[in-house]
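Take a look at the structure below.
Values in this document were obtained by computation on a predicted structure and should not be read as measured data. Just the heavy atoms: all of them, side chains too, but no hydrogens, waters or symmetry mates, feed the values below.
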Amino acid sequence: MAEVLPLRRTPAGVPVASCVLAHASKQLEAGLIRDVSIEVQAVALGELAAVLASAVPGGAIRATGFLAAKSQRSRNPVLHLNTIEFLEGN
């Protein structure tokens, strides 16, 4: 996890936490090893927002969710988190 933003609330009072997830790995593509790295914005709502807000930047997590556009105006992808698992050793 590269960055965690403070917990906030929507106008309806729903907790929201945002972060930037960083991924780096080696992947096999067309028979060759390729270094892959990316940063993606992620968001958690409701009870999961408090879990995300407690995360420490630099820690490793396993997360699942779905990609959606940031807004109607910005088509940039945001990962909406459904689960967060903190990995051992961090």
All N/O donor-acceptor pairs, side-chain side in residues 3-10, below 3.5 Å, sequence neighbours left out:
residue: Arg9; atom: NH1; partner: Gly13; partner atom: O; Å: 3.0
residue: Thr10; atom: OG1; partner: Ala12; partner atom: N; Å: 3.3
residue: Thr10; atom: OG1; partner: Gly13; partner atom: N; Å: 3.4
residue: Thr10; atom: OG1; partner: Val14; partner atom: N; Å: 3.1

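- Take Arg62 and apply the side-chain hydrogen bond (donor to acceptor under 3.5 Å, both in side chains) test, not counting sequence neighbours, and it matches Glu85.
- With hydrophobic clusters built from ILVMFWY side chains whose heavy atoms lie under 4.5 angstrom apart, Val78 does not share a cluster with Leu81.
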Please tabulate, one pair per line, all N/O donor-acceptor pairs under 3.5 Å involving side-chain atoms of residues 33-58, not counting sequence neighbours.
residue: Arg34; atom: NH1; partner: Glu29; partner atom: OE1; Å: 3.0
residue: Asp35; atom: OD1; partner: Lys26; partner atom: NZ; Å: 2.6
residue: Ser54; atom: OG; partner: Val51; partner atom: O; Å: 2.7

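- Two residues are said to be in side-chain contact when any heavy atoms from C-beta on lie closer than 4.5 Å; Leu87 and Ile61 fail this criterion.
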Can you list, pair by pair, the side-chain donor-acceptor contacts under 3.5 Å of residues 63-73, counting residues two or more places apart and other chains?
residue: Thr64; atom: OG1; partner: Thr83; partner atom: OG1; Å: 2.5
residue: Ser71; atom: OG; partner: Arg73; partner atom: N; Å: 3.3
residue: Ser71; atom: OG; partner: Ser74; partner atom: N; Å: 3.0

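- For residues 13-23, the set of pairs meeting the side-chain hydrogen bond (donor to acceptor under 3.5 Å, both in side chains) definition, not counting sequence neighbours, comprises His23-Ser25.
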